[in-house]
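See below for the structure under consideration.
Residue numbers run from 1 in the order of the sequence given. In each ligand, atom 1 is the first atom listed, and ligand 1 is the first ligand listed. Fair warning: this is a prediction, and the values are worked out from it, not measured in the lab.
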Amino acid sequence: MTEKTAKLTLGDLEIDLPVLSPTVGPDVIDITKLYAQGKVFTYDPGFTSTAACDSTITFIDGGKGELLHRGYPIDQLAEKSHYLEVCYLLLYGELPSASELEEFEATITRHTMLHEQMVNFFRGFRRDAHPMAIMVGVVGAMSAFYHDSTDIADERQREIASHRLIAKMPTIAAWAYKYSIGQPFIYPRNDLDYASNFLRMCFSVPAEDYQVNPILSRAMDRIFTLHADHEQNASTSTVRLASSSGANPFACIAAGIACLWGPAHGGANQACLEMLEEIGTVDRIPEFIARAKDKNDPFRLMGFGHRVYKNFDPRAKVMKQSADEVLDLLGIEDNPKLQVAKELEKQALEDPYFAEKKLFPNVDFYSGIILEAMGFPTSMFTPIFALARTVGWISQWKEQISDPKLKIGRPRQLYMGENTREYIDIENR
Ligand code: ACO
């Protein structure tokens with residue numbers, strides 16, 4: 001078999017660059033020796049054409065609208081599996097046997113409590129703090145509470161940190177919410193599954209019994225499953241970059257949460273629901289579509305478009321179906337936001353602007369409607385995304401740390417600033 005190479009001509013210099021072939025997906029030109037050979041860098045802000053690592057976890061074919069975790073399609077996982085099984089799959093590479101799953105679930109369940117001292121840490125925040133601000137702080141602070149699992153060179157400590165993060169994230173997110181509404185923190189319960197436990201910690205009060213509705217718990221679990229991992233997106237790449245320096249896992253995940261908060265990434269579901277609220281009625285949709293198309297208006301249709309999916313987002317399909325089920329169960333037949341969402345989707349998909357730019361609803365277009373119907377305020381949408389994505393971040397972190405080729409991430413730049421100049425004394429400026 002002949003090895004593929006790419007030829008780069010730089011003036012008189014010809015450089016052969018190895019071409020690597022993945023199991024699926026486009027070939028990758030290996031430029032690791034380019035600077036040594038040609039004294040040039042490549043330029044790719046936004047990483048639109050750059051693979052920053054090799055990975056065996058998640059694969060996306062944006063053209064086909066395909067998302068695979070360890071080879072398994074997301075729609076099959078959303079239908080047949082559940083979140084903790086998907087967590088196991090992402091972390092360990094294979095679907096668990098019945099006994100492996102039982103043991104994993106028991107381990108996660110027994111790590112859901114937070115160090116009691118952390119209660120004081122929560123109480124230090126303002127009541128009106130955004131729950132994402134609390135999550136960035138509290139998850140970062142875990143390195144101060146769980147230092148017995150911060151030695152990244154120790155494989156067992158890495159595993160314990162992974163379990164702790166997956167297990168404690170629902171408690172942290174629920175407590176951030178409880179704190180913001182002035183209600184007492186609700187402690188986790190070991191007889192409940194992962195999603196039910198989270199719903200109870202968010203919505204139960206000590207004054208009365210709380211029964212978790214199994215359909216809502218299933219919908220919650222599905223939202224977690226659909227957000228579990230998504231290849232080398234902005235927050236995952238942030239986690240990888242932070243971890244490349246050898247930073248501890250809690251600090252790295254806190255960095256991922258900070259990145260996810262932005263409206264172009266995880267903050268989109270909150271922004272999308274706020275947009276549907278602002279549109280208000282179906283008759284105002286054309287006005288907002290016109291604004292989204294206007295180059296002089298910064299407004300974008302939130303929940304539309306994706307860096308990788310250029311046909312459809314397979315998660316959006318499942319999410320739309322879940323939205324119908326949840327609203328049906330709750331007897332919310334004519335939710336105005338759902339009506340606006342459905343009509344907006346229809347009109348946008350019929351509009352040549354969106355078709356030409358390959359802009360389709362993404363996972364966030366419908367998730368906000370479900371979460372709102374469940375009783376979550378918009379400020380909790382991104383924390384729920386962060387909770388669900390933790391396993392993806394942790395799996396990618398674990399993969400990177402175990403890679404013997406690990407190097408500190410250190411991008412280069414195209415410098416466009418001043419060349420060397422003499423310092424000017426203040427009286428002469
Ligand atoms: N509404 C209107 N126009 C849009 C939208 C949108 N939502 N998204 C992209 N465009 C247009 C851009 O103006 C641009 O037009 P141009 O070529 O005339 O300049 C073109 O489509 C390409 O857009 P880019 O921003 O270059 O595409 P990119 O891949 O960088 O951005 C992104 C992807 C950030 C998701 C973008 O589509 C967006 O801002 N969408 C809205 C926010 C959103 O829903 N984010 C959630 C992403 S999914 C997730 O994180 C889970």
Please state which protein non-hydrogen atom is closest to atom 16 (P) of ligand 1 and give its distance, to 0.1 Å? Lys357 NZ, 3.5 Å

Tell me the closest heavy-atom pair linking Asp364 and His265, and the distance in Å. OD2-O, 3.8 Å

Counting non-hydrogen protein atoms only, what is the nearest one to atom 35 (C) of ligand 1? Give residue, atom name and distance. Gly305 O, 3.7 Å

Do we see a donor-acceptor contact under 3.5 Å between the side chains of Gln270 and Glu274? yes

Nearest non-hydrogen protein atom, atom 19 (O) of ligand 1: Lys295 NZ, 3.7 Å

With distance as the sole criterion, is a donor-acceptor pair present between the side chains of Gln347 and Glu343 under 3.5 Å? yes

Show me the side-chain donor-acceptor pairs of residues 375-386 shorter than 3.5 Å, one per line, residues at least two apart or across chains.
from, atom 1, to, atom 2, distance (Å)
Thr382, OG1, Gly266, O, 3.4

Below 4.0 angstrom, N of the basic side chain to O of the carboxylate: do Lys337 and Glu277 qualify? yes

For Gly303, counting its heavy atoms only, list the atoms of ligand 1 lying under 4.0 Å from any of them. 43 (C), 44 (O)

Side chain, backbone, both or neither: His265 near ligand 1, heavy atoms under 4.0 Å: both

Pairing residues for Glu79 by the side-chain contact (heavy atoms from CB on, under 4.5 Å) criterion, not counting sequence neighbours: none

Would Val24 and Glu66 count as a side chain to side chain contact (heavy atoms under 4.5 Å, CB included) here? Give the steps. CA-CA 12 Å; Val24 257; Glu66 184 176 63; over 6 Å; no

Does ligand 1 come near enough to Leu301 that some N or O of the ligand is less than 3.5 Å from an N or O of the residue? yes

Do Ser55 and Glu231 get their side chains close enough for a donor-acceptor pair, meaning under 3.5 Å? no

Where does Asp364 meet ligand 1, judged by heavy-atom distances below 4.0 Å: at the side chain, the backbone, both, or neither? side chain

Between the side chain of Arg284 and the main-chain N/O of Glu278, is any donor-acceptor distance below 3.5 Å? yes

Look at atom 27 (O) of ligand 1 and say whether a protein heavy atom is found at less than 4.0 angstrom from it. no

Please tell me if atom 49 (C) of ligand 1 is touched by the protein, where touching means a protein heavy-atom distance below 4.0 Å. yes

Under 6.0 Å from the six-membered ring centre of Tyr35 and within 45° of its axis: does the NZ or CZ of Lys39 meet both? yes

Which heavy atom of the protein is the closest neighbour of atom 10 (N) of ligand 1, given with residue, atom name and distance? Leu359 CD1, 3.6 Å

Under 4.0 Å, heavy-atom basis, I'd like to know which part of Tyr353 is in contact with ligand 1: side chain, backbone, both or neither. side chain

Heavy-atom proximity to atom 23 (O) of ligand 1, best of Arg300, Arg291, Arg307: Arg300

Numbered atoms of ligand 1 (with element) below 4.0 Å of Phe385, judged on heavy atoms: 51 (C)

Closest to atom 2 (C) of ligand 1 among protein heavy atoms sits Ala292 O, 3.6 Å

Closest approach of any protein heavy atom to atom 42 (C) of ligand 1, naming residue and atom: Met302 SD, 3.7 Å

Contact atoms of ligand 1, heavy-atom distance to Ala268 under 4.0 Å: 43 (C), 44 (O), 45 (N), 46 (C)

Suppose we measure from atom 45 (N) of ligand 1 to each protein heavy atom; which comes out shortest, and what is that distance? Ala264 O, 3.2 Å

Determine, for Asp324 against Lys342, whether the closest basic-nitrogen to carboxylate-oxygen distance falls under 4.0 angstrom. yes

Quick test: of every protein heavy atom, which one is nearest to atom 41 (C) of ligand 1, and how far off is it to 0.1 Å? Phe304 O, 3.4 Å

